[in-house]
Amino acid sequence: MKKLLLASAACALVASAGAAQEVKLGILVGFTGPIESLAEPMAKGAELAIKEVRDSGALLDGATVTPVRADTGCIDNGLATSNAERLIADGVAGIIGGDCSGVTGAVLQNVAIPNGMVMISPSATSPGLSTVEDNDLFFRTAPSDAREGQVMTEVLQDRGIESIALTYTNNDYGKGLADAIKTNFEAAGGEVTISAAHEDGKADYSAEVGALASAGGDILVVAGYLDQGGLGIIRAALDSGAFDTFGLPGGMIGDSLPANVGPDLNGSFGQIAGSGGEGIEKLTAMAGDAFDATSPYTPESYDAAALFMFAMQAAGSTDPAEYGPKILEVANAPGEQIFPGELAKGLEILKSGGEIDYVGASAVELIGPGESAGSYREIEVQDGKNVTVKFR
């Protein structure tokens, strides 16, 4: 099977720039599972960038760019890897994804590396992905949770929180984020009364909440998923009266959480990767009423797609071995700054031998192993909605 995939990929990725060339980009995110409410706007963000470039005709002398969707289930390694194999067999030239950290690591090790395929994740944030041996095939427009631990500590301190109970989803994402929060909060003088895992998909979280309540804390920080275990933990905590205010890291930020919990969530707060300024304003105007461009990891998805196409243009090739090394070049200075809606302009600059500094919708700056430097929106739930109260 691996030989078949390699052969299929090799045939599909031969670079022959021209008007008849079709370039496929896979969009591999969790259309089902614990963050499914975030997946649709993420996919639409990536597809908006693809449409912008396709309509311009500016990529590789008129190449047609086509998105191909596939599901990870967020936490289903088997589904994610099989769908990634299908994408490669279908001839994609790059994969936007995965989404959740565990499946992203599984796809990287089992599919992308063996097939020499580049991945750019808009949302996989586990610190473990910073040091994985990836053959320079993996990038992410989202920052590492090592950075989020620092930011959450700042948020907690600014709000006068001295002690927290901490629960996390029992996987790579949850463990890495919980460790980052605990390490940073304690280093700043805060107290973590308990750090306990929870499983997704349970009907009853009363036992977990009982242990968290016994440990106490000013608030309960829930490093989980907004459409599964994290939601269950919050409901159980509110039902029992154990906690009335919650700290919400990235996996808990989304419109579905306040909608599902109701007014009792008002006053809870947290942070999600994101930035203000010209880039997100332009993307929001472009999206209009079609989708919410400010939905978590949607700007990062637009940017991931754009980086693929800019790197291909810079290399004059859709072969991952050729364009992969160009991703850091087009993402960072020096060069002319490029924002959403200006992808054709960036492609023309690259075609003429110039340089670009892609800023995009999320203030793209890739550092270290090719991951976002990390800017965040501080969120507070007010009147049933997630409101951005500060940028960090």
Side-chain angles (χ1 to χ4, degrees), residues 23-31 35 37-56 58-59 65-70 92-99 118-125 139-143 250 253-254 272-313 327 330-332 337-347 350 356-366 370-377 388:
V23 180
K24 296 180 181 179
L25 286 176
I27 301 175
L28 185 65
V29 296
F31 294 103
I35 64 163
S37 63
L38 306 182
E40 188 65 24
M42 287 172 65
K44 287 182 176 178
E47 288 165 350
L48 182 61
I50 291 170
K51 181 180 186 300
E52 184 180 339
V53 168
R54 182 175 63 241
D55 290 350
S56 76
L59 176 64
V65 195
T66 305
V68 184
R69 290 188 178 193
V92 299
I95 295 176
I96 300 161
D99 52 349
V118 172
M119 298 171 61
I120 304 179
S121 173
S123 58
T125 55
F139 303 84
R140 48 182 171 175
T141 49
I253 305 295
I272 184 76
S275 62
E278 184 177 352
I280 188 59
E281 290 172 1
K282 287 189 172 184
L283 183 64
T284 301
M286 290 168 61
D289 296 330
F291 63 93
D292 181 6
T294 66
S295 181
Y297 305 115
T298 296
E300 290 81 1
S301 299
Y302 176 95
D303 291 341
L307 286 176
F308 268 116
M309 295 179 286
F310 282 140
M312 291 174 185
Q313 186 83 334
I327 290 174
V330 299
N332 296 334
Q337 291 190 338
I338 301 296
F339 293 91
E342 299 177 345
L343 302 190
K345 173 185 175 182
L347 292 170
L350 292 169
I356 66 167
D357 172 13
Y358 181 65
V359 178
S362 63
V364 171
E365 180 185 356
L366 299 188
E371 63 191 24
S372 172
S375 57
Y376 284 81
R377 292 188 291 147
T388 299

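This chain uses plain numbering: 1 for the first residue, then up along the sequence.
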Roughly how far, to the nearest 0.5 Å, is CG of Asp99 from CG of Leu28? 7.0 Å

Nearest atoms (heavy-atom pairs only) where Val23 meets Ala93: CG1-CB, 4.1 Å

May I ask you to decide if Val359's main-chain N or O and Gln337's side chain share a donor-acceptor pair within less than 3.5 Å? no

I'd like to check Tyr297 versus Thr125 (side-chain heavy atoms, cut-off strictly below 4.5 Å). Are they in contact? yes

Quick one: does Leu25's side chain get under 4.5 Å of Pro67's, heavy atoms only? no

Ala290 and Lys44 have their tightest heavy-atom pair at O-NZ, 3.8 Å

Over all atoms of both residues, closest heavy-atom pair of Ser362 and Pro299: CB-CB, 4.3 Å

Please name the pair of heavy atoms, one in Pro143 and one in Ala273, separated by the smallest distance, quoted to 0.1 Å. CD-CB, 3.6 Å

Please give me the minimum heavy-atom distance between Ile27 and Ala46, naming the atom from each residue. CD1-CB, 3.9 Å

One should read off an interatomic distance between Ser123 OG and Leu38 CG, to the nearest 0.5 angstrom, of 8.5 Å

Check whether any side-chain heavy atom of Phe291 lies under 4.5 Å from a side-chain heavy atom of Leu48, and answer yes or no. yes

Inter-residue atom distance Ile50.CD1 - Met309.CE, 0.5 Å rounding: 5.5 Å

Would you confirm whether Glu278, through its side chain, and Phe339, through its main-chain N or O, come within 3.5 Å as a donor-acceptor pair? no

Suppose the criterion is salt bridge (Lys or Arg N to Asp or Glu O under 4.0 Å): which pairs have a residue in residues 284-304, not counting sequence neighbours? none

Out of curiosity, Phe308 CZ to Ile96 CD1, how far, rounded to the nearest 0.5 Å? 6.0 Å

Is there side-chain contact between Tyr302 and Glu52, with heavy atoms separated by less than 4.5 Å? yes

Interatomic distance, CD1@Ile356 vs CZ@Phe310, rounded to 0.5 Å, equals 4.0 Å

How far does CZ of Arg377 sit from CD1 of Ile253, to the nearest 0.5 angstrom? 8.5 Å

One pair to check against side-chain contact (heavy atoms from CB on, under 4.5 Å): Tyr376 and Ile272. What are the steps and the verdict? CA-CA 5 Å; Tyr376 284 81; Ile272 184 76; 5.7 Å; no

Okay, side chain of Ser121, backbone of Gly98: is any donor-acceptor separation there less than 3.5 Å? yes

Quick check: closest heavy atoms across Ser56 and Val53, and the distance to 0.1 Å? OG-O, 2.7 Å

Salt bridge (Lys or Arg N to Asp or Glu O under 4.0 Å) pairs touching residues 338-347, sequence neighbours excluded, are Lys282-Glu342, Glu336-Lys345

Compare all side-chain heavy atoms of Thr294 with those of Thr388 and state whether any distance is below 4.5 angstrom. no

With Arg54 via salt bridge (Lys or Arg N to Asp or Glu O under 4.0 Å) - residues at least two apart: none

